[in-house]
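Notes to accompany the following structure.
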There are 2 protein chains.
Amino acid sequence: MLQTLTALAEPTRLRIVEVLGRGPRSVGEICDRLAIEQPQASKHLRVLRESGLVVVETRAQLRVYSLRARPLRELNAWLQRYRSIWAERLDRLDELVVDLTREKERNHGRKTRK
Amino acid sequence: MLQTLTALAEPTRLRIVEVLGRGPRSVGEICDRLAIEQPQASKHLRVLRESGLVVVETRAQLRVYSLRARPLRELNAWLQRYRSIWAERLDRLDELVVDLTREKERNHGRKTRK
DNA sequence: CCAGTACATACTCTTGCGAGTATGTACGCT
DNA sequence: AGCGTACATACTCGCAAGAGTATGTACTGG
């Protein structure tokens, strides 16, 4: 779970996952699509692979990556444990609380910034 | 979305969220429950608050934190976009990598790298 | 008003992570 | 066999993030 979240909590990797959400892609296709260098793609794909989020399929010189079901399903399962919290009917109340809190902090907190 | 994932992708913060999943808790309670020092708790709670995952309620000298609905709901919404991948009936599908698609991509696009 | 509680914040230090660069390797083609 | 493609890996560097420590601040009871 933590591993899955860690893998997803990076801009480039999140974008890779979103690209792969449309279907399997080779490393080159991912590089083109995201305008990143190839080594970066490979390294991020490595992290995604080690976290179990993707799998590789070697096809000639191509390495085709695709999303795996399990981690996403587990993430969903984890999230459902909190369904009682977020699946409520749209309560504006907690949004309001946030606004009030932010405003209060603005008033007295801020001292010197480095 | 990325902010939510970043906030969750840290062991201590994930544990804090799980504690708060059982209901609102004060900072002291969180420290006791997780056996961490108070400044660490405060700092992590700050990150969680800035990411919108929690809210504070000041009660006397206590600061009671509780989970917020929206980020969790958004995470769920994001995850649902990939439901077609992980909610399939075929549980083994991603294990045995199917190689039926993609015949084209022989030689197109991929020329010289800048 | 004083002292203690309950937190937040500032600061330093260390480690990890991502970017950039260079090089290694497997495969196909002619 | 040799070359080009497609990708992985090694290495260095800079920076940001978490831990640890110390101190500041708000509220409350006596």
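Lettering follows sequence order; numbering is per chain, from 1.
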Report task. Give the rounded distance in Å between these two atoms: CD of Glu57(B) and P of dA26(D). Result -> 20 Å
Query raised in the report: Does OP1 or OP2 of dA8(D) have a side-chain N or O of Arg46(A) closer than 4.0 Å?
Result: no
Report task. Under 4.0 Å between any heavy atoms, over every strand shown, what does Arg13(A) touch: base, sugar-phosphate, or nothing? Just pick one. Result -> sugar-phosphate
Requested in this report: Using a heavy-atom cut-off of under 4.0 Å over every strand shown, decide if Ser26(B) touches base, sugar-phosphate, or nothing.
Outcome: sugar-phosphate
Query raised in the report: Is there a side-chain polar atom (N or O) of Tyr65(B) under 4.0 Å from OP1 or OP2 of dA6(C)?
Result: no
Requested in this report: Starting at atom CD of Glu29(B), determine the distance to atom C1' of dT5(C), rounded to an integer number of angstrom.
Outcome: 15 Å
Query raised in the report: Of all the choices, dG18(C), dA19(D), dG20(C), which nucleotide is nearest to the side chain of Gln40(A) once you look at every atom?
Result: dG20(C)
Query raised in the report: Has the side chain of Gln38(A) got a donor or acceptor that lies under 3.5 Å from a partner of the other kind on the base of dA8(D)?
Result: yes
Query raised in the report: Considering only dA8(D), dC7(C), dT5(C), which nucleotide approaches the side chain of Gln61(B) most closely?
Result: dT5(C)
Query raised in the report: For Gly52(A), does its backbone N or O pair with a side-chain atom of Arg68(A) as donor and acceptor, under 3.5 Å?
Result: yes
Query raised in the report: Quick one: do Glu29(A) and Arg33(A) make a salt bridge, cutoff under 4.0 Å?
Result: no
**Report entry** Verdict with reasoning, Leu53(B) to Leu8(B), per side-chain contact (heavy atoms from CB on, under 4.5 Å)
**Finding:** CA-CA 9 Å; Leu53(B) 269 164; Leu8(B) 291 175; 3.8 Å; yes
Requested in this report: Return the nearest nucleotide to the side chain of His44(A); candidates are dC7(D), dA19(D), dG18(C).
Outcome: dG18(C)
Query raised in the report: From the list dG18(D), dA6(D), dT9(D), which nucleotide is the closest neighbour of the side chain of Leu62(A)?
Result: dA6(D)
Report task. Round to the nearest Å and state the distance from Leu14(B) atom CG to dA17(D) atom C1'. Result -> 17 Å
Query raised in the report: Are the side chain of Arg13(B) and the backbone N or O of Ala7(B) linked by a donor-acceptor pair below 3.5 Å?
Result: yes
Query - OP1 or OP2 of dA6(C) under 4.0 Å from side-chain N/O of Thr58(B) - result: no
Report task. In whole angstrom, give the distance that lies between atom CD of Glu50(B) and atom P of dA17(D). Result -> 11 Å
Requested in this report: Take the protein atom CD1 of Ile36(A) and the nucleotide atom C1' of dG18(C), then report the distance between them rounded to whole Å.
Outcome: 12 Å
Query - Between P of dG18(D) and CG of Leu34(B), the distance in whole Å - result: 15 Å
Report task. Measure the distance from CD1 on Ile16(B) to C1' on dG18(D) and round it to the nearest whole Å. Result -> 12 Å
Report task. For Lys43(A) and for Arg63(A), find the nucleotide of DNA chain C with the closest heavy atom, then tell me which residue's nucleotide is more 5'. Result -> Lys43(A)
Requested in this report: Just call it for Glu37(B): base, sugar-phosphate, or nothing, with non-hydrogen atoms closer than 4.0 Å on any strand.
Outcome: nothing
Query raised in the report: Tell me, do Leu2(A) and Pro11(B) make a side-chain contact under 4.5 Å, heavy atoms counted?
Result: yes
Query - Presence of salt bridge, Arg46(A) and Glu50(A), under 4.0 angstrom - result: yes
Report task. Consider the side chain of Ala60(B), meaning its heavy atoms from C-beta on, and name the nucleotide among dG18(C), dT28(D), dA6(C) that approaches it most closely. Result -> dT28(D)
Query raised in the report: Roughly, in whole Å, what's the span from CZ in Arg59(A) to C1' in dG28(C)?
Result: 15 Å
